[in-house]
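Here the structure comes first, spelled out in structure tokens, and everything after it is commentary.
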Amino acid sequence: MSLESILITLVAEAVKSLYGLETEENQIQLQKTKKEFEGDLTVVTFPFVKAARKSPEQVGQEIGEFLLKDTEVISKFNVVKGFLNLSISKSFWLETLTAIHSNTDFGITKAAEDAALMMIEYSSPNTNKPLHLGHIRNNLLGHSIAEIQKANGWKVIKTNIVNDRGIHICKSMLAWKKWGKDETPESSGLKGDHLVGKYYVIFDKHYKAEIKELMGKGLTEEEAKKSAPLILEAQKMLLAWENNDPEVRQLWKTMNGWVYAGFDKTYKQLGVSFDKIYYESETYLTGKSEVERGVKKGIFSARSDGSVWADLTGDGLDEKLLLRADGTSVYMTQDIGTAKLRYDDYPINKMVYVVGNEQNYHFQVLAILLDKLGYEWGKSLVHFSYGMVELPEGKMKSREGTVVDADDLMDEMIEAARETSQELGKLDNCTSEEIVTIVRMVGLGALKYFILKVDPRKNMTFNPKESIDFNGNTGPFIQYTHARIKSVLRKAAEQGIEYSSLNDNQPDISEKESYLIQLLTGFPAVVREAGEEFSPALIANYIYEVVKEYNQFYHDFPMLKEENPTLKQFRLVLSESIATVIKTGMGLLGIDVPERM
RNA sequence: GGUCUGGUAGCUCAGUUGGAUAGAGCAACAGCCUUCUAAGCUGUGGGUCAUGGGUUCGAAUCCCAUCCGGAUCACCA
């Protein structure tokens with residue numbers, strides 16, 4: 001039982017005994033005491049004032065006295081206006097630290113045999129261009145959320161739906177066929193996904209030129225976009241693909257193969273992975289047949305031109321296209337098929353889609369369509385809708401070349417970490433292998449933390465001109481603190497200092513030290529809340545607070561040089577517990593922490 | 001235009017079910033390494049919490065209106 005719930009129970013007893021007031025648990029407001037006041041936890045007394053018919057100060061005084069008599073946990077209290085500030089006894093903190101220190105899985109709830117299964121879809125790239133900063137946010141969030149849900153006792157299956165078919169891929173294919181001169185990743189030295197992306201850009205360039213020409217001949221922009229020869233040819237190619245044209249299929253296979261090899265490298269560098277990958281080329285037919293089933297059931301309707309629509313006006317929405325007039329499928333069709341196959345494949349209890357908030361409408365519609373098709377799980381799907389990454393001048397636009405490439409950004413971060421390490425002379429005693437490992441850890445740690453510390457629901461700004469910091473509220477600061485602790489612990493071990501547990505003597509610990517223990521006790525609740533809220537940012541901000549406090553402690557209190565052996569031992573145990581929570585917490589963000597840096 | 005969403009320090013962000021004098025980092029300035037890693041620590045300056053009402057003992061937080069931004073409403077994904 002946590003300290004908070006113990007105290008809430010005690011306060012409820014106090015209020016009942018003193019004023020005869022029955023309180024719900026959530027009526028008792030318990031919060032951390034503000035730093036400028038003495039105490040550890042604060043009870044807000046305003047809610048009881050009415051029943052007590054006394055001033056807030058009196059109520060605080062009376063509850064305080066009751067608690068002081070009632071429990072050993074509270075050593076003293078003070079009242080300021082309507083706030084009852086409680087000081088927790090040092091012995092309670094020491095017992096708590098012992099419990100935390102002995103629990104290597106502190107904060108983590110492992111999945112039981114019969115735990116519920118959560119499937120988390122993230123990444124979900126198109127295969128016509130390389131990954132960019134927006135994908136990085138998606139991948140980091142997806143991976144982190146998966147880790148967080150695992151830590152909350154869920155069985156988790158991470159999945160990726162690769163959008164490997166569609167008009168956009170045909171654009172790259174067509175451009176490569178026309179202007180590629182048989183260029184390959186090998187012949188060009190380009191990473192496969194970058195090579196295919198290059199032809200996507202080339203297509204767009206020629207397509208734009210055609211549009212301009214047609215508009216010069218008097219067509220409107222809309223007409224020109226629809227009638228440009230290149231787009232007609234790409235559409236023809238898509239149709240040929242759906243009709244299994246061998247030549248088109250072969251080219252498609254080859255170019256997608258290049259892309260996958262490239263993606264694999266990016267995923268590996270980013271440290272994300274999947275348990276099961278779905279390809280839309282393998283799910284869209286199921287989607288089509290589901291749509292056809294819907295037509296037969298009378299919930300969808302075909303128009304005279306052959307296109308199929310769902311009428312959602314009854315749900316307050318519009319009509320939604322499910323199959324084009326030429327019979328080819330659209331995004332929604334594929335998502336219906338993918339959803340059905342997943343539920344056929346796994347006993348999913350909760351399905352989570354990590355997809356940007358620009359697709360809120362899409363998932364609203366998807367849930368309704370699945371529901372209409374008779375799937376009881378349709379309505380319960382979770383769209384984990386995260387905000388866009390923007391540049392100072394606004395949205396990233398591939399056409400304007402303002403996209404921040406994922407591979408480039410990771411390389412730059414690692415390079416920056418290497419330079420900083422060199423400048424500071426931090427890795428002078430390390431082997432070249434160690435240096436490679438550490439600078440990668442630090443560079444990626446900076447990038448990942450930068451992205452994950454922001455509330456996922458909000459849009460965030462990334463300024464490429466200002467490199468991501470390594471000081472302050474950053475990944476490297478946290479990693480550095482971990483390395484510092486590990487360094488002290490190594491030295492303690494070298495000196496033969498035993499600190500595996502606290503001995504029976506009770507050291508006289510400071511406010512700073514008991515506050516650090518208090519912070520540690522909050523970790524499991526933070527993990528739980530991060531899972532419920534789908535917010536890695538809660539963990540990031542929590543770890544930062546712990547680390548900031550710890551660095552003040554580190555600065556002001558000696559450990560190895562402390563003469564009192566009981567205190568020395570206590571501080572080492574405290575430090576090791578902090579290091580464990582840092583490592584566990586950062587692990588939930590997908591960030592590694594080094595032993596030295 | 002309909003729907004959704006956001007607006008907190010020069011910049012990037014926190015701010016718990018409504019609670020005490022709204023907090024961090026960056027940037028600026030001033031200090032701290034003969035002492036366990038200075039990627040650290042300490043201090044100074046910096047705010048009409050977009051605006052105006054309302055509810056409340058108490059509002060950055062809840063409600064209404066207004067202003068400004070973003071997303072979406074595609075035979076794109």
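Excluded from the calculations below are hydrogen atoms, water molecules and symmetry mates; all remaining heavy atoms, backbone and side chain alike, are included. All chains are named by letter (A, B, ...) in the order of the sequence lines, taking the proteins before the strands, and each is independently numbered beginning at 1.
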So, is [X] near the phosphate of [N], with a side-chain N or O under 4.0 Å from OP1 or OP2?
X	N	answer
A/Asn471	B/G40	yes
A/Ser307	B/C75	no
A/Arg303	B/C75	no

* Ring centres under 6.0 angstrom apart (A/Tyr200, A/His168) -> no
* Asked: Taking the six-membered ring for Trp, is the centroid-to-centroid distance between A/Tyr19 and A/Phe48 below 6.0 Å?
  ->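 Judged by ring-centre distance (under 6.0 Å), A/Tyr19 and A/Phe48 do not meet the cut-off.
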Atom pair distance, as rounded to whole Å: [atom1] in [X] and [atom2] in [N]:
X	N	atom1	atom2	answer
A/Tyr554	B/C33	OH	P	16 Å
A/Arg484	B/U35	CZ	P	14 Å
A/Tyr550	B/G40	OH	C1'	12 Å
A/Asn357	B/U72	CG	P	9 Å
A/Asp556	B/C32	CG	P	17 Å
A/Leu427	B/A39	CG	P	11 Å
A/Glu576	B/C36	CD	C1'	15 Å
A/Tyr480	B/C36	OH	P	11 Å

What's [X] touching, base or sugar-phosphate or nothing? Going by heavy atoms closer than 4.0 Å.
X	answer
A/Arg596	base
A/Val49	nothing
A/Phe557	base
A/Gln359	base

Any ion pair linking [Y] and [X] (charged N to carboxylate O, less than 4.0 Å)?
X	Y	answer
A/Arg418	A/Glu415	yes
A/Glu545	A/Lys453	no
A/Arg324	A/Asp326	no

* Asked: In terms of the nearest nucleotide of RNA chain B, which residue is placed more toward the 5' end: A/Phe477 or A/Glu390?
  ->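 Of the two residues, A/Phe477 wins.
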* For RNA chain B, whose closest nucleotide is more 5', that of A/Ala325 or that of A/Gln552? ->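 Its nearest nucleotide lies further toward 5', so the answer is A/Gln552.
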* Measure the acute angle between the ring planes of A/Phe83 and A/Phe46, then classify it against the limits of 30° and 60° as parallel, tilted or perpendicular. =>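 It falls in the perpendicular class, over 60°.
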* To do: Specify whether A/Phe384 and A/Phe534 have parallel, tilted or perpendicular ring planes, treating 30° as the upper limit for parallel and 60° as the lower limit for perpendicular.
  => tilted
* To do: Taking side chain to side chain contact (heavy atoms under 4.5 Å, CB included) as the test, write out the residues that go with A/Glu319, two or more places apart.
  => A/Arg303, A/Trp309, A/Asp311
Determine the interatomic distance between [atom1] on [N] and the same-named atom on [M]; round to the nearest Å.
N	M	atom1	value
B/G1	B/A65	P	15 Å
B/C49	B/G10	P	12 Å
B/G58	B/G19	C1'	7 Å
B/G23	B/G70	P	32 Å
B/U21	B/A27	P	32 Å
B/G43	B/U56	P	41 Å
B/A14	B/G25	C1'	10 Å
B/U16	B/C29	C1'	35 Å

* Asked: Could you write nucleotides 9-24 of chain B as a row of B, S and -, 5' to 3', where a protein heavy atom under 4.0 Å of any base atom gives B, of only sugar-phosphate atoms gives S, and otherwise -?
  -> ---SSS--B-BBS--S
From the set [options], return the single nucleotide nearest to any side-chain atom of [X].
X	options	answer
A/Tyr361	B/C73, B/C36, B/C41	B/C73
A/Lys426	B/A39, B/A38, B/C75	B/A39
A/Asp318	B/C36, B/A39, B/A74	B/A74
A/Thr420	B/C75, B/U35, B/A39	B/A39
A/Lys395	B/C73, B/A71, B/A38	B/A71
A/Asp469	B/U37, B/G40, B/C26	B/C26

Under 3.5 Å, is there a donor-acceptor pair between the side chain of [X] and the main chain of [Y]?
X	Y	value
A/Thr33	A/Leu41	yes
A/Asp164	A/Ser281	yes
A/Asn85	A/Asp40	no

* To do: Find out whether the Lys NZ or Arg CZ of A/Arg165 is both under 6.0 angstrom from the six-membered ring centre of A/Tyr279 and within 45° of the ring's axis.
  =>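 No - A/Arg165 does not lie over the ring of A/Tyr279 by the 6.0 Å and 45° rule.
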* Taking atom types as they are modelled, is there a donor-acceptor pair under 3.5 Å from the base of B/A39 to the side chain of A/Ser421? ->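 Donor-acceptor pair under 3.5 Å: yes.
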* **Syn/anti label of B/C67 as read from its glycosidic torsion, with the cut at 90° from 0** => anti
* Structure fact -> Pairing string of RNA chain B (Watson-Crick or G-U wobble, both atom distances under 3.5 Å; | = paired to other strand) is (((((((..((((.....[...)))).(((((.......))))).....(((((..]....))))))))))))....
